[in-house]
Amino acid sequence: MAPRLIGSEIYRRSSYGGKHPLSIPRVSTTLDLIRAMGWFDPARYIDSPRATVAQLERFHAADYVACLQRAECDGRVTEAEAERYHIGRFGNPVYREVFSRPATAAGASILAAQLLASGEAQVVHSPAGGTHHGRRDRASGFCYLNDPVLGILFLLDAGVERVFYLDVDAHHGDGVEDALAEDARVFTLSVHEDGRWPGSGRAVVRSPSAYNLPVPAGFNDSELAFLMQHVVDPLLRRFDPQVVVMQCGADALADDPLSKLSLSNGALWDAVRQVRQLAPRLLVLGGGGYNPWSVARCWAGVWAVLDGRPIPQALPEEARGILGALRWDRAAGRTPQRRWLDTLADPPNAGPVREVVRRLADIALGVTSRPGPGMSPALFASGITA
């Protein structure tokens, strides 16, 4: 069954504003690249609906949803609302589409869940999704609504009994884990940079169905491949999910300004390819990513992997024009690397698999009894006693 792609034009005209990390175009550029590469099939593209208030309230508090709607209508929030809901604070600005944009991403994840649950689709890609920090009653980490949670809850409501959530964003998927950690029908596994905001996810085993792999700075392609083979693969097989939801944030890439991880986009594509082979049904979301060139190239490549298309070394002229037209306020944006403009694939970043990464795998699989070099005793203890 051919994969489905969900997107929307709302992202082309929407920005968090100013110098916010999400002032860059991401989903629109991804869709433009997919078209320029000849990978776009109108028959398999779905324009995302906006989630209804009733759908949002399946997880989010009614007063919080109402506040988001008022913020979009009025263009502001009161001081009390900012304090209570974290809208207009902590990197969560009030902007023109502050309700409709996240509600559209949520609508895409809910629709994807509906397609997967009904058997109308086996694989769905929604690059606008992956807002994994959103809380039931407040915004967090640039995320106003939590579309992965909403999608997973729809799957459960539709009768799906086992959902595996895999998060490879540079930041811990705290909102999803906290919302679903006690539900035995959902297994959450987050691979993220240790110590990076929000600072959670350091307990390797939080519960029987909530695991974390807090990886060190400099995390390379070989190390991700090691964890995919030695942790993700066996945990997936053990849990035997009916649906896998994969959050594929591009901020774990070496070119991203908001992490110190060192992956190439090829490493993420390999991870998606591996999960695609194991998952009976699969939803792949976007997530973080704050370099416009690396995000769009990565997510366009994710679609190519899901759709079984080869990724060429050289880009066609139209694709180069799309990348060449991007602008970024950061210093790196004023002198973009040529490969950001001319190619889709990053050069591989293979390297040693460090002992701390091997120990994370041991703890996750319950086969070690001592902390290894580079791992604090506290981190080790949290992993084996949680």
Side-chain angles (χ1 to χ4, degrees), residues 3 5 21 24-37 39 125-130 166-171 191-193 215 217-229 232 246-277 282 284-316 319-320 322-324 326 328 330 332-333 336-351:
L5 176 66
I24 61 173
R26 305 188 316 159
V27 177
S28 57
T29 308
T30 298
L31 295 176
D32 289 347
L33 272 182
I34 289 172
R35 291 186 179 93
M37 298 299 295
W39 298 338
H125 182 33
S126 177
L166 173 63
D167 192 317
V168 295
D169 195 285
H171 302 82
V191 183
H192 51 268
E193 185 178 346
V215 299
F219 185 60
N220 63 48
D221 291 4
S222 303
E223 291 173 322
L224 178 59
F226 175 85
L227 292 180
M228 290 296 300
Q229 177 183 353
V232 177
M246 183 174 184
Q247 199 266 22
C248 197
D251 50 3
L253 300 179
D255 293 325
D256 196 87
L258 295 192
S259 86
K260 294 184 179 179
L261 304 184
S262 300
L263 297 178
S264 72
N265 54 22
L268 290 182
W269 296 341
D270 286 343
V272 171
R273 188 176 291 110
Q274 182 174 342
V275 172
R276 172 71 179 89
Q277 293 169 350
L282 175 63
V284 179
L285 305 171
Y290 308 98
N291 174 327
W293 290 283
S294 63
V295 175
R297 290 164 56 246
C298 179
W299 291 348
V302 166
W303 173 249
V305 169
L306 295 174
D307 206 28
R309 296 180 181 269
I311 297 175
Q313 288 189 332
L315 292 177
R320 291 199 304 270
I322 291 167
L323 294 170
L326 293 175
W328 194 29
R330 284 182 170 262
Q337 299 181 39
R338 288 305 311 174
R339 63 180 175 83
W340 294 356
L341 309 178
D342 296 339
T343 64
L344 214 61
D346 297 331
N349 186 30

Quick one: closest heavy-atom pair of [X] and [Y], and the distance?
X: Ala345; Y: Thr343; result: O-OG1, 3.5 Å
X: Ala267; Y: Leu224; result: O-CD2, 3.7 Å
X: Met228; Y: Ala271; result: CE-O, 3.7 Å
X: Ala128; Y: Val27; result: CA-CG2, 3.7 Å
X: Ser264; Y: Pro348; result: OG-CA, 4.1 Å
X: Arg339; Y: Pro347; result: CD-CD, 3.7 Å

Flag the pair [X] / [Y] as yes when at least one side-chain heavy-atom distance between them is below 4.5 Å, and no otherwise.
X: Leu258; Y: Pro21; answer: yes
X: Leu33; Y: Leu323; answer: yes
X: Val275; Y: Leu166; answer: yes
X: Leu306; Y: Leu282; answer: yes

Can a donor-acceptor pair be found, under 3.5 Å and without considering hydrogens, that links the side chain of [X] to the backbone of [Y]?
X: Arg26; Y: Val295; answer: no
X: Ser294; Y: Asn291; answer: yes
X: Trp39; Y: Trp303; answer: no
X: Asn349; Y: Asp221; answer: no
X: Glu193; Y: Ala170; answer: no
X: Thr30; Y: Ala300; answer: no

With rounding to the nearest 0.5 Å, note down the distance linking [atom1] in [X] to [atom2] in [Y].
X: Ile24; Y: Leu326; atom1: CD1; atom2: CG; result: 9.0 Å
X: His192; Y: Gln247; atom1: NE2; atom2: CD; result: 12.0 Å
X: Asp32; Y: Ile322; atom1: CG; atom2: CD1; result: 5.0 Å
X: Arg273; Y: Leu268; atom1: CZ; atom2: CG; result: 11.5 Å
X: Asp169; Y: Leu285; atom1: CG; atom2: CG; result: 11.0 Å
X: His125; Y: Cys248; atom1: NE2; atom2: SG; result: 7.5 Å

### Task
On the 0 to 90° scale, with breaks at 30° and 60°, tag the Tyr290-His171 ring pair as parallel, tilted or perpendicular.
perpendicular
### Query
Do Trp293 and Asp255 get their side chains close enough for a donor-acceptor pair, meaning under 3.5 Å?
no
### Task
Apply the test side chain to side chain contact (heavy atoms under 4.5 Å, CB included) to residues Leu31 and Arg35: give CA-CA distance (whole Å), side-chain angles for both, the deciding distance (0.1 Å), then the verdict.
CA-CA 6 Å; Leu31 295 176; Arg35 291 186 179 93; 3.7 Å; yes
### Ser259/Asp251 under side chain to side chain donor-acceptor pair (under 3.5 Å): CA gap, chis, key distance, verdict
CA-CA 6 Å; Ser259 86; Asp251 50 3; over 6 Å; no
### Message
Run the side chain to side chain contact (heavy atoms under 4.5 Å, CB included) test on Val215 and Leu227 for me, step by step, so that the C-alpha distance in whole Å, both residues' side-chain angles and the decisive distance to 0.1 Å come before the verdict.
### Response
CA-CA 10 Å; Val215 299; Leu227 292 180; 3.8 Å; yes
### Task
Just do the side chain to side chain contact (heavy atoms under 4.5 Å, CB included) check on Leu253 and Leu261 with the steps written out, would you?
CA-CA 6 Å; Leu253 300 179; Leu261 304 184; over 6 Å; no
### Query
Please, which pairs that meet salt bridge (charged side-chain N to carboxylate O under 4.0 Å, His left out) have at least one residue in residues 289-303, sequence neighbours excluded?
Arg297-Asp346
